[in-house]
Colleague: 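Attaching a single structure in structure tokens format; questions to follow.
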Amino acid sequence: MNVAETVESNVGTKGRKKRKLWLKIIGGIVGAFVLFLGITFIVNVISTNMEKNKIESYGQYVDVDGKKMNVSIQGSGEQTIVLLPGQGTPSPVLDFKLLIDELTPSYKVVAIEPFGYGLSDETEKERTTANIVSEIHDAVQQLGIDRYVLMGHSITGLYGVTYVNNYPDEVLAFIGIDSSVPNQPGMDVKLPLKSMQFLQTSGIMRLIKKVSGDSYKSLAFDEHTKEQMNLISNQVSSNDTMMDELKHLGTNFKNSEKLTYPRDLPVLLFVQSNNEHNPQWIPLHEEQVKQSAQGKMIPMEGSHYLHHTKFKEIAAEFKAYMKEIQL
């Protein structure tokens, strides 16, 4: 073997050693990741099963389409408010607790947990606007409520427009809490639903929440309520029913984009004034309240969940509005 061949042989040997070293490193990383996923998955399964027994029931069940839908009825006022959640809110009844406590001295408040939310059953029915609205209305009928104010957060702005047009003789007024607008931009984006479910079922989301700390820490909820909301969140977040609702989000917006509120329906919208992600948020709601002869918009600075921090102001402004309007 000459010098050139020797050098070439040494280079080849070093190259093979480097490749083996890299393969070992990559294999080690993959192995560590698989082990990590295995641990988070097992911990999540064990924790989820243990937490089921810690969840305390609240409200009552009504039969809708052969399944159980959980509702909470509080207060004894002459007028009734039907309260609906934003998309993906794990426990609507508990999430609205601060606002409900402000409203119940004057109103009867019926908070509904749609299928897949809170303590309600899941469903295999497609989460189209038509199905969701029909199911909520069925629950209201089961409770014998025939005249009421429809109030809701976020996605209720989308479903609510269909609801009030379908049942105009029942709804006295619509109250939106940073509610969605049917023609708002950006709702045709495809969401990474499989990735979202993977994060939940693998236990990674539980770990992220643990590391991130208590998201309710700065809010006025009592510690017991915070604990229950976290327990329920771990049970229902990213379940199949909620994922199907997100799957239909784009088409639900598309099918509703031309819908408007009836002219004679009083409409009050509480709107986040500092929405940095959508500079058209205020103008969109300004146009929406113009659809009503008694429309009113009240900007409020805060997070999308305005009822977490502005519950006293929302209740006070709502009561004042109800005294002003003609029903």
Side-chain angles (χ1 to χ4, degrees), residues 55-64 67-121 132-133 135-160 163-164 167 170-179 216 219-222 224-226 228-229 231-233 235-236 241-242 245 268 270 304-312 314-315 318-319 322:
I55 294 175
E56 300 173 2
S57 62
Y58 51 80
Q60 65 188 64
Y61 287 117
V62 293
D63 182 85
V64 176
K67 295 182 178 295
K68 294 185 295 183
M69 184 175 287
N70 191 54
V71 302
S72 169
I73 304 175
Q74 301 178 58
S76 55
E78 291 184 7
Q79 286 186 331
T80 299
I81 299 170
V82 171
L83 192 54
L84 303 177
Q87 200 286 322
T89 301
S91 173
V93 171
L94 299 182
D95 185 78
F96 279 126
K97 184 181 186 303
L98 301 174
L99 179 59
I100 291 173
D101 289 347
E102 293 294 319
L103 294 170
T104 46
S106 305
Y107 295 87
K108 179 166 76 173
V109 181
V110 180
I112 295 180
E113 297 189 331
F115 288 137
Y117 290 68
L119 305 184
S120 293
D121 287 343
I132 292 170
V133 166
E135 290 160 1
I136 291 170
H137 183 251
D138 195 354
V140 172
Q141 285 192 312
Q142 296 292 328
L143 296 170
I145 304 169
D146 54 10
R147 294 287 280 169
Y148 47 91
V149 173
L150 188 66
M151 179 185 290
H153 172 239
S154 195
I155 199 66
T156 298
L158 175 66
Y159 304 146
Y163 195 104
V164 299
Y167 313 107
E170 298 181 21
V171 182
L172 296 167
F174 178 82
I175 314 298
I177 304 172
D178 209 39
S179 49
Y216 301 114
L219 303 178
F221 294 103
D222 61 83
H224 182 69
T225 300
K226 291 179 185 178
Q228 288 294 306
M229 286 194 289
L231 290 173
I232 295 171
S233 176
Q235 297 290 325
V236 307
T241 303
M242 282 194 181
E245 184 178 0
L268 173 62
F270 297 99
H304 177 50
Y305 284 78
L306 288 172
H307 55 282
H308 284 176
T309 55
K310 301 293 184 180
F311 49 93
K312 290 183 181 294
I314 290 172
F318 165 67
K319 291 174 186 177
M322 293 301 290

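These figures come from a predicted structure and were not determined experimentally. FYI, the numbering just counts along the sequence from 1.
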Colleague: Looking at K319, I'd like to know if its NZ atom is crowded, meaning that more than 12 non-hydrogen atoms belonging to other residues, nucleotides or ligands lie closer than 6.0 Å.
Modeller: yes

Colleague: Just so I know, are the side chains of V149 and F318 near enough to count as touching, which here means a heavy-atom distance under 4.5 Å?
Modeller: yes

Colleague: How long is the gap from OG1 on T225 to CG on L98, to the nearest 0.5 Å?
Modeller: 8.0 Å

Colleague: To the closest 0.5 Å, what do you measure between CD1 (I145) and NZ (K108)?
Modeller: 5.0 Å

Colleague: So, do D101 and F311 sit near enough that their side-chain heavy atoms are less than 4.5 Å apart?
Modeller: no

Colleague: Could you list the donor-acceptor pairs under 3.5 angstrom formed by side chains in residues 79-93, with sequence neighbours left out?
Modeller:
from, atom 1, to, atom 2, distance (Å)
T89, OG1, G86, O, 3.1
S91, OG, Y58, OH, 2.8

Colleague: Mind checking what makes side-chain hydrogen bond (donor to acceptor under 3.5 Å, both in side chains) contact with Q228, not counting sequence neighbours?
Modeller: none

Colleague: Report yes or no: is the cationic atom of K68 (NZ for Lys, CZ for Arg) under 6.0 Å from the centre of the six-membered ring of Y61, at an angle within 45° of the ring normal?
Modeller: yes

Colleague: Would you call the rings of H153 and H304 parallel, tilted or perpendicular, taking 30° and 60° as the class edges?
Modeller: tilted

Colleague: Sequence neighbours excluded, which residues qualify as side chain to side chain contact (heavy atoms under 4.5 Å, CB included) partners of Q235?
Modeller: T48, E51, K52, I55

Colleague: Just so I know, are the side chains of L172 and R147 near enough to count as touching, which here means a heavy-atom distance under 4.5 Å?
Modeller: yes

Colleague: Salt bridge between D63 and K67, side-chain N to carboxylate O under 4.0 Å?
Modeller: no

Colleague: Tell me whether the rings of Y167 and H137 are parallel (<30°), tilted (30 to 60°) or perpendicular (>60°).
Modeller: parallel

Colleague: Hey, could you give me the CZ/NZ distance between F270 and K310, rounded to the nearest 0.5 Å?
Modeller: 12.0 Å

Colleague: Just checking H308 against F221, ring centres under 6.0 Å apart?
Modeller: yes

